[in-house]
Amino acid sequence: MKELGYNPHDIELKWQKRWEESKLFEVKEDNSKPKFYCLEMFPYPSGRIHMGHVRNYSIGDVVARYKRMKGYNVLHPMGWDAFGLPAENAAIKHGVHPAHWTYENIDFMKKQLKRLGFSYDWSREISTCEPEYYKWEQKIFIEMLNRGLAYKKKAPVNWCESCSTVLADEQVVGGKCWRCGSEVEVKELEQWFLKITDYADALLEGLEKLRGKWPDRVLVMQENWIGKSYGAEIEFPIEGLDRKIKVFTTRPDTVYGVTFMSLAPEHPLVDEFLKGCDEKTKREVERLRKQPKSARLLESFEKEGVFIGKYCINPFTGDRVPIFAANFVIFEYGTGAVMGVPAHDQRDFEFARKYGLPIKVVVMPKDRELKPEEMEEAHEGEGYLVNSGPFDGMYNEDAKKAIIKYMEERGFGRGTVSYKLRDWLISRQRYWGAPIPVVYCDKCGIVPVPFEELPVVLPKDVPFIGGGNPLEKVREFVETKCPKCRGDARRETDTMDTFVESSWYFFRFCSPDCNTGPFDERAKYWMPVDQYIGGIEHAVLHLLYSRFYTMVLKDLGYTDIEEPFEALLTQGMVIKDGAKMSKSLGNIVDPDDMVGKYGADTVRLFLLFAAPPERDLDWSDHGIEGCYRFLNRLWRYIFMHVDDVKDERGNIDIGALSNGGRELLKKTHQLIKKVTNDIEKFRFNTAIAFIMEYLNFLYDIDNSIDWNNSNDRKVVRFAIEKIALLISPFAPHFADEVWEKLGNTGFTLEQEWPTYDEELAREEMITLIIQINGKVRAKVDIPFGLPEEEQKRIALYNDRVKSLIEGKKVTKVILVPNKLVNIVVA
RNA sequence: GCCCGGGUGGCGGAAUUGGUAGACGCAGGGGACUUAAAAUCCCCUGGGGUCAAUCCCCGUGCGGGUUCGACUCCCGCCCCGGGCACCA
């Protein structure tokens with residue numbers, strides 16, 4: 001018997017070659033099998049794969065391989081989110097062309113992924129920077145433009161100076177750029193937007209369908225982001241002018257308590273009123289306007305207002321109400337105007353106290369009497385209306401409805417809803433992105449590029465010197481003819497946000513070679529994605545945009561799918577020494593080093609074993625050592641016995657087994673059951689733990705196996721074969737090597753997932769726990785399934801129990817059959 | 001402030017339709033093998049008590065409660081991570 005050491009490097013390269021040669025991972029539509037679309041978020045080709053990628057893709061590979069063995073026709077593609085700023089920054093810094101930089105990275109990272117042995121159908125690989133890809137993105141954009149879903153407007157937008165481009169709201173995190181972390185400023189610019197707000201309700205309702213299949217926190221984050229609130233619009237006439245101020249409020253029940261009005265400093269009415277104001281007031285308002293938006297949005301920021309000399313009339317009371325420009329009012333939210341009710345809104349309360357404005361109580365709590373002069377804070381809770389004319393005495397929740405009805409009948413207000421979600425700003429003033437396919441003509445205005453002329457190809461020859469979009473400097477690109485009138489025209493030089501590419505790439509994977517549209521009927525077979533796996537950081541970015549795009553594609557007639565991702569798994573970060581791996585902390589562990597040292601199977605196994613997928617994973621150099629030891633130990637066991645059992649095929653005669661053989665058979669069925677159930681629940685860590693436990697068991701009973709008994713040997717063969725199949729999703733190279741050593745042909749991936757026999761998996765002996773008053777006092781091994789009375793009797797007549805309960809009164813005996821007896825004594 | 005997670009040995013983590021707390025791995029200690037080391041194999045390892053035990057007490061962030069029995073359920077807190085937040 002020769003015993004060779006475990007050599008992951010040789011084994012892994014051998015199987016990777018064979019998988020590739022046999023096109024094992026390539027799939028076609030096949031109606032005879034149920035389909036399963038398993039997708040992991042595709043990477044940005046930044047240069048090297050990092051441990052977070054490896055974790056993400058290891059999880060995905062378990063799912064894809066397991067489902068394949070379960071008989072599904074599995075689509076498991078991979079590609080590149082290839083447009084983006086780092087490529088362009090590299091060009092400016094090092095003088096390499098972004099395309100060159102990107103393709104080199106793709107090349108390198110693809111090799112890394114292949115070396116890890118993931119089961120991707122590489123024939124479907126896509127890179128979003130290719131004209132064959134973004135051509136369709138441009139077509140969809142034009143269709144959106146034609147439907148009014150894409151539009152251009154001048155608006156205050158987020159500007160990142162260090163990236164020298166604008167950002168969408170979702171891409172500003174805590175006032176900082178999501179990519180580079182530098183402070184974002186507000187600029188007034190004319191920009192392209194996508195009308196995601198048209199889909200606010202659909203996006204919200206869609207979340208209901210995803211409940212239970214997406215993590216709750218992602219649903220909550222999207223819900224918060226959409227920020228739907230119910231309320232009313234109320235119109236306040238302006239004194240001495242035939243104009244009205246429209247406010248949005250969620251508390252129409254407090255309208256009788258309005259004592260001032262506040263407008264966002266940017267509100268157009270403020271400009272009008274300022275005309276009649278003195279210089280000091282003008283300067284004050286100007287000062288408020290100049291306060292940086294990011295600072296203004298902090299709760300701790302001082303609330304300031306300026307009286308701008310005008311009054312409006314409360315349509316309910318006829319009261320004269322002074323109008324302020326106030327820095328806490330956000331122009332973009334609601335109507336940019338807020339009615340001030342100091343008695344019932346904390347912020348208004350503070351404002352009123354600061355500027356000496358009256359406080360009028362209109363909602364009285366049940367249990368106490370509010371007196372304005374004694375109040376220390378606003379009463380924002382429930383109560384009954386007072387000082388509210390015809391609504392006095394009404395419970396405030398009922399009053400909301402009654403007041404809305406009242407003003408709707410009289411025409412100065414109505415019930416409405418408001419959203420926090422704003423339209424998606426997609427223009428980027430950078431080169432390395434998909435060109436926005438429109439031209440500007442002095443005569444015809446904004447003209448979309450006709451379909452036949454797509455794609456608008458990104459010119460290759462541009463100067464990368466930094467400072468502004470290089471496309472503007474390319475005359476051959478900018479100077480063009482108007483598609484309508486053929487006159488001189490200017491081409492749009494903004495490119496699209498790279499989140500646009502990733503909003504529909506999962507459709508493209510279904511038919512990546514389609515040249516008649518973004519995708520074809522094959523998408524109907526594959527979509528939706530059955531299991532999507534990626535980081536939580538995309539909760540309101542990519543995952544929201546993709547849902548929006550899918551809905552748009554449905555409305556444009558491209559698909560019937562409503563939600564792109566049927567189920568979502570968000571994996572945690574890989575951290576080291578309590579912090580996220582980063583260059584600055586110097587705690588990066590490079591996957592290549594680990595693969596070089598231990599092999600891909602060990603690296604994958606460790607990432608799956610060290611923590612459940614959704615939780616953060618602490619990288620441990622010792623921990624991976626343990627997984628390597630485990631594979632070595634498993635290898636040794638198998639090669640100690642493989643020659644003895646290799647030819648022992650055929651049915652096992654259970655009656656002819658030794659005790660050891662019978663035990664092993666039972667434990668093997670338990671193994672199949674445990675691993676199967678755990679994978680179904682994404683509990684890969686406990687599945688692997690049980691395989692480890694099983695291996696310890698194999699060593700323990702090695703001497704109890706009757707090696708002269710052919711049936712015992714058959715059981716050992718059975719055990720080794722099942723291990724190979726069960727470990728295949730976690731350590732596929734190892735699995736195929738074992739499979740082959742057993743004299744089998746083909747790949748484990750092509751085998752059926754093992755099934756277990758409930759009867760054979762059952763323990764015939766169980767440990768009965770005997771408690772007295774809830775404390776464990778004895779344990780006794782008894783056969784499974786004894787009559788209940790018998791189990792109680794065994795407990796009560798146990799020697800130790802007898803001595804402990806002697807002289808005491810047994811008041812109750814509780815039995816959990818085959819598990820536990822609790823004897824309650826007085 | 002509001003909304004989600006989470007708090008279990010020296011560490012990563014097991015165990016919840018309420019039923020042996022600490023599986024598995026790491027680290028640590030002891031032993032075997034070896035001239036030696038590495039590798040491997042075996043044993044021990046939550047805290048405390050007792051000469052010792054197959055014994056007793058304590059123990060799942062804290063304080064109460066429900067229950068024969070609580071890591072698990074309920075009430076009130078504390079701490080950590082994340083999201084939202086002057087949103088009218």
Side-chain angles (χ1 to χ4, degrees), chain A residues 5 173-174 215-225 227-229 231-232 247-252 254 262 264 296-303 326-330 332-341 344-348 350-351 380 418-421 536-537 539-540 572-573 605-606 609-612 614-627 629-630 632-633 636 683 685-696 699-700 767-779 799-800 804 811-825:
Chain A
V173 182
D216 275 345
R217 55 183 184 144
V218 176
L219 299 177
V220 169
M221 279 156 91
Q222 293 211 356
E223 216 173 287
N224 283 343
W225 192 259
K228 184 175 188 174
S229 55
V247 302
F248 172 75
T249 179
T250 55
R251 296 294 305 272
T254 64
S262 33
R296 261 174 69 184
L297 286 172
L298 292 172
E299 196 168 8
S300 54
F301 201 70
E302 196 184 348
K303 295 156 190 60
N327 64 350
F328 61 82
V329 182
I330 302 159
E332 291 81 15
Y333 182 75
T335 60
V338 182
M339 61 184 207
V341 187
H344 305 292
D345 180 287
Q346 187 57 26
R347 188 191 47 206
D348 293 345
E350 286 162 27
F351 193 83
E380 295 183 336
S418 185
Y419 301 89
K420 196 181 83 88
L421 181 72
I536 185 89
E537 64 273 17
V540 287
M573 284 187 302
L605 200 70
F606 174 67
F609 172 69
E614 21 351 296
R615 221 185 293 187
D616 283 351
L617 182 150
D618 221 339
W619 180 269
S620 153
D621 291 334
H622 287 302
I624 189 168
E625 200 81 45
C627 285
R629 274 205 286 267
F630 161 69
N632 272 285
R633 189 164 139 90
R636 277 195 301 276
R683 307 289 293 266
N685 54 331
T686 49
I688 294 166
F690 198 80
I691 302 176
M692 290 173 171
E693 203 180 318
Y694 178 80
L695 177 61
N696 292 339
Y699 277 99
D700 285 348
T767 302
L768 187 71
I769 304 303
I770 305 170
Q771 297 183 334
I772 294 172
N773 287 344
K775 294 192 183 213
V776 179
R777 286 294 123 102
K779 301 175 184 183
D799 284 346
R800 204 174 131 58
L804 283 164
T811 53
K812 211 190 238 184
V813 177
I814 287 140
L815 173 77
V816 181
N818 300 310
K819 220 170 214 173
L820 167 150
V821 178
N822 189 11
I823 300 161
V824 186
V825 294

Check the phosphate of [N] against [X], side-chain N and O only, distance under 4.0 Å to OP1 or OP2. Yes or no?
X      : N     : answer
A:Y419 : B:C87 : no
A:K775 : B:C58 : yes
A:R777 : B:C56 : yes
A:K812 : B:C68 : yes
A:R629 : B:A38 : no

Are the side chains of [Y] and [X] in contact, using a 4.5 Å heavy-atom criterion?
X      : Y      : value
A:R633 : A:N696 : yes
A:N773 : A:V824 : yes
A:R251 : A:D345 : no
A:V338 : A:V247 : no
A:I814 : A:Q771 : no
A:F609 : A:F630 : no
A:R636 : A:Y699 : yes
A:L219 : A:M221 : no

To the nearest Å, how far apart are [X] [atom1] and [N] [atom2]?
X      : N     : atom1 : atom2 : value
A:E625 : B:U40 : CD    : P     : 9 Å
A:I770 : B:G19 : CD1   : C1'   : 14 Å
A:I536 : B:C84 : CD1   : P     : 11 Å
A:W619 : B:C26 : CH2   : P     : 15 Å
A:M573 : B:G81 : CE    : C1'   : 9 Å
A:E332 : B:A88 : CD    : C1'   : 14 Å
A:I330 : B:A88 : CD1   : P     : 9 Å

What's touching nucleotides 69-73 of chain B from the protein side, N or O pairs under 3.5 Å?
none

Working to the nearest 0.5 Å, report the span between [atom1] of [X] and [atom2] of [Y].
X      : Y      : atom1 : atom2 : answer
A:E350 : A:K303 : CD    : NZ    : 5.5 Å
A:R777 : A:I772 : CZ    : CD1   : 6.5 Å
A:E625 : A:S620 : CD    : OG    : 9.5 Å

When rounded to the nearest Å, what value does the distance between [atom1] atoms of [N] and [M] take?
N     : M     : atom1 : result
B:A27 : B:U34 : C1'   : 25 Å
B:U50 : B:U54 : C1'   : 15 Å
B:C79 : B:C62 : P     : 15 Å
B:G18 : B:U72 : P     : 11 Å
B:G30 : B:C78 : C1'   : 42 Å
B:U16 : B:C11 : C1'   : 24 Å
B:G61 : B:G49 : C1'   : 26 Å
B:C73 : B:C3  : C1'   : 22 Å

Assign [X] to base, sugar-phosphate, or nothing according to its heavy-atom contacts below 4.0 angstrom with the strands shown.
X      : value
A:V338 : base
A:S620 : nothing
A:K819 : sugar-phosphate
A:G227 : nothing

Practice task
Just compare B:C86, B:A23, B:C84 and give me whichever is closest to any side-chain atom of A:K303.
Solution key: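 Of B:C86, B:A23, B:C84, B:C86 is nearest to the side chain of A:K303.
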Practice task
Measure from the side-chain heavy atoms of A:R800 and tell me the nearest of B:U20, B:C86, B:C55.
Solution key: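 Among the listed nucleotides, the one closest to the side chain of A:R800 is B:C55.
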Practice task
Using the closest heavy atom to pick a nucleotide of RNA chain B for each, name whichever of A:Y333 or A:G626 lands nearer the 5' end.
Solution key: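 The 5'-side residue here is A:G626.
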Practice task
Could you pick out which residue, A:A778 or A:C627, lies toward the 5' side of RNA chain B when each is mapped onto its nearest nucleotide?
Solution key: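 Nearest nucleotide further toward 5': that of A:C627.
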Exercise for the section: Classify every nucleotide of nucleotides 3-16 of chain B by which part a protein heavy atom approaches to under 4.0 Å, writing B for the base, S for the sugar-phosphate alone and - for neither, in 5'-to-3' order. Expected result: SS-------BSSS-
Handout entry: Main-chain N/O of A:G572 paired to A:D616 side chain as donor or acceptor, under 3.5 Å
Key =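 No; judged by distance alone, with no hydrogens or angles, the pair does not exist.
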Exercise for the section: With a 3.5 angstrom cut-off on both distances, give the Watson-Crick or G-U wobble partner of B:C84, or none if there isn't one. Expected result: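 Checking every strand shown, B:C84 finds its partner in B:G1, with both distances under 3.5 Å.
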Handout entry: For B:C55, the Watson-Crick or wobble partner whose two distances fall under 3.5 Å
Key =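 Across any shown strand, B:C55 pairs with B:G49.
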